Amino acid sequence: MNDFYYNNRRRIRANQHIRELAATVQLNHKDFIQPLFVDESISNPTPITSLNEINADTIHSILLQIESDLQKGISKFLLFPVPAKKSMNNFDYHFIVNTLREIKKKFGNTVWIAADLCLCAYTSHGHCGILNAARDKVLNDESVKELSRYALLVAKAGADCIAPSDMMDGRIGAIRDTLNENQLDDISIMSYSAKFSSQFYGPFRDACKSTPGNNCNIQDRKTYQSSLFNKNDAILSTLRDIEEGADIVMVKPSLPYLDVITELSTMIKHPLAAYHVSGEYQSIELLAQNNLVERDKAHLEVWTSLKRGGANIIISYAARHAKEWIEKMEY
Ligand code: PBG
């Protein structure tokens with residue numbers, strides 16, 4: 001018999017029907033989380049120029065955005081505040097607290113809101129924690145204490161989930177304890193547990209006005225975010241956060257760290273989120289704007305690879321298109 005009949009791989013690729021049947025991975029819009037920005041210093045929704053199609057919302061326009069997203073089949077959100085005032089300490093959280101109250105008043109449990117928890121949008125220097133007097137070190141325990149205070153306020157305001165993105169040590173345990181002591185044991189924690197010091201956060205920092213380095217003597221986040229040269233640190237940091245009580249863990253950015261996603265997915269039984277971050281999203285958008293890729297297909301390809309790599313949950317700026325794009329996706 002000719003070898004061709006035995007080695008034929010093209011039979012399984014021959015048409016869309018058999019490609020669908022042979023697929024080893026499926027996308028489902030229910031696995032998606034849509035990031036949202038709410039900015040205290042604007043009075044109308046304002047396009048974020050570095051993030052195509054994404055607006056900074058006001059406390060009012062965010063309600064309309066959520067309503068429209070619900071109609072598109074997206075009900076889970078990751079909420080980022082952009083407060084008007086920045087300072088070194090004594091941060092004022094009333095804007096995000098009020099925003100959460102308004103969202104929950106209008107939508108109740110039809111939406112699931114994870115409140116991103118970090119100090120970088122509040123600090124005048126843009127770092128994710130409180131600095132020492134010489135402004136050359138991010139203080140761990142002082143920052144964790146402040147984050148716990150912040151977590152309690154947003155949990156009381158109605159957040160369904162607290163999502164600490166600061167990368168201090170011990171914050172998951174401290175926040176879990178604080179929530180439990182206040183009868184908020186139903187509130188879950190999604191830890192940015194394997195968050196790498198990355199180039200791909202650029203557009204986000206524009207949106208949140210949180211580029212680190214002003215007003216201080218540390219120019220990058222390398223002393224608290226994971227190093228791209230050390231996979232073990234990201235794995236250990238994730239296992240540690242699970243021990244401290246994280247319900248969901250995360251790898252961020254996503255595609256450049258697919259190896260970390262895959263390794264974690266074989267090690268842990270917790271839901272694993274992949275955050276396709278601002279710079280990753282915007283690179284597809286810019287390619288699409290130049291007619292170098294088809295926008296929907298490029299996002300679908302990345303999402304499929306994140307799923308295939310082992311992620312359960314996908315955080316994407318294009319999440320609100322997931323249902324429509326997945327439905328008409330061609331295999
Ligand atoms: C920091 C934070 C960052 C993002 C979310 N929260 C990154 C950073 O500035 O280090 C990035 C999200 C994105 O790029 O989409 N707390």
Side-chain angles (χ1 to χ4, degrees), residues 32-39 48-56 77-83 86 91 93 96 114-130 138 140 143-144 146-147 150-151 154 161-168 171-172 175 189-214 216 218-228 234 237 241 250-257 273-286 299 302-303 306 313-320:
F32 283 75
I33 299 177
Q34 173 72 50
L36 297 172
F37 297 94
V38 59
D39 188 334
I48 298 170
T49 45
S50 57
L51 271 179
N52 186 44
E53 211 190 78
I54 304 296
N55 280 340
F77 301 93
L78 179 58
L79 183 61
F80 290 99
V82 188
K86 295 187 188 280
F91 309 111
Y93 303 116
I96 191 63
D116 180 88
L117 200 83
C118 193
L119 300 179
C120 62
Y122 292 89
T123 54
S124 43
H125 42 75
H127 281 291
C128 301
I130 292 167
V138 179
N140 195 82
S143 303
V144 169
E146 180 63 20
L147 288 162
Y150 181 12
V154 292
C161 177
I162 306 293
S165 63
D166 56 290
M167 289 296 279
M168 298 300 121
R171 88 271 203 225
I172 300 301
I175 291 169
I189 298 179
M190 174 166 70
S191 175
Y192 290 68
S193 58
K195 176 173 177 180
F196 289 88
S197 179
S198 167
Q199 278 302 302
F200 290 93
Y201 306 144
F204 172 92
R205 290 179 187 174
D206 249 20
C208 285
K209 302 157 200 154
S210 63
T211 304
N214 285 333
C216 68
I218 339 167
Q219 304 308 312
D220 58 48
R221 303 199 203 285
K222 286 184 181 172
T223 62
Y224 45 103
Q225 297 182 340
S226 268
S227 161
L228 67 149
S237 159
D241 285 3
M250 188 198 298
V251 176
K252 171 189 180 184
S254 59
L255 265 199
Y257 301 96
Y275 194 154
H276 192 237
V277 300
S278 58
E280 299 184 270
Y281 167 82
Q282 188 67 359
S283 32
I284 293 182
E285 296 298 303
L286 293 174
H299 282 291
V302 170
W303 295 343
L306 298 179
I313 299 167
I314 295 173
I315 304 171
S316 166
Y317 293 95
R320 55 175 62 100

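Whatever order the structure lists them in is the order used to number ligands and atoms, beginning at 1. The model shown is predicted, which means the values in this text are computed figures rather than measured ones.
Taking each heavy atom of G129 and T123 in turn, the nearest pair found is O-CG2, 3.9 Å. Scanning all heavy atoms of the two residues, the minimum distance from P83 to A121 falls at CG-O, 3.3 Å.
In this model, no donor atom of one side chain and acceptor atom of the other lie less than 3.5 Å apart for S193 and D241.
Classified by interplanar angle (parallel below 30°, tilted 30° to 60°, perpendicular above 60°), the ring pair H299/H276 is perpendicular.
Of the protein's non-hydrogen atoms, K195 NZ, 2.9 Å is the one closest to atom 1 (C) of ligand 1. Scanning the protein for heavy atoms near atom 9 (O) of ligand 1, the closest one is R205 NE, 2.8 Å.
Residue contacts with ligand 1: K252 is included, with a non-hydrogen atom under 4.0 Å away. Proximity of Y281 to ligand 1 is not established, as no heavy-atom distance is less than 4.0 Å. Ligand 1 has at least one atom lying under 4.0 Å from a heavy atom of Q225.
Checking Y224, Y275, Y201 against atom 7 (C) of ligand 1, the nearest heavy atom belongs to Y201. Nearest-residue assignment for atom 14 (O) of ligand 1 (options P164, P212, S197, S278; heavy-atom criterion): S278.
The cationic atom of K195 (NZ for Lys, CZ for Arg) does not lie both less than 6.0 Å from the six-membered ring centre of Y275 and within 45° of the ring axis.
Within ligand 1, counting atoms from 1 as listed, the ones closer than 4.0 Å to a heavy atom of S165 are 1 (C), 6 (N), 16 (N). Applying the 4.0 Å criterion to heavy atoms of C118 picks out, from ligand 1, the atoms 16 (N). Proximity to C120 (heavy-atom distance under 4.0 Å) selects the following atoms of ligand 1: 1 (C), 16 (N). Interface atoms of ligand 1 facing Y317, defined by a heavy-atom separation under 4.0 Å, are 12 (C), 13 (C), 15 (O). Under a 4.0 Å criterion applied to the non-hydrogen atoms of V277, ligand 1 contributes the atoms 13 (C), 14 (O), 15 (O).
Test S198, P203, P253, S316 against E280 for side-chain contact (heavy atoms from CB on, under 4.5 Å) and you get one pass: P253.
Judged by distance alone, with hydrogens and angles left aside, the side-chain atoms of K86 form a donor-acceptor pair with the main-chain N or O of K209 at under 3.5 Å. Between the side chain of S197 and the main chain of S227, no donor-acceptor pair closer than 3.5 Å is present.
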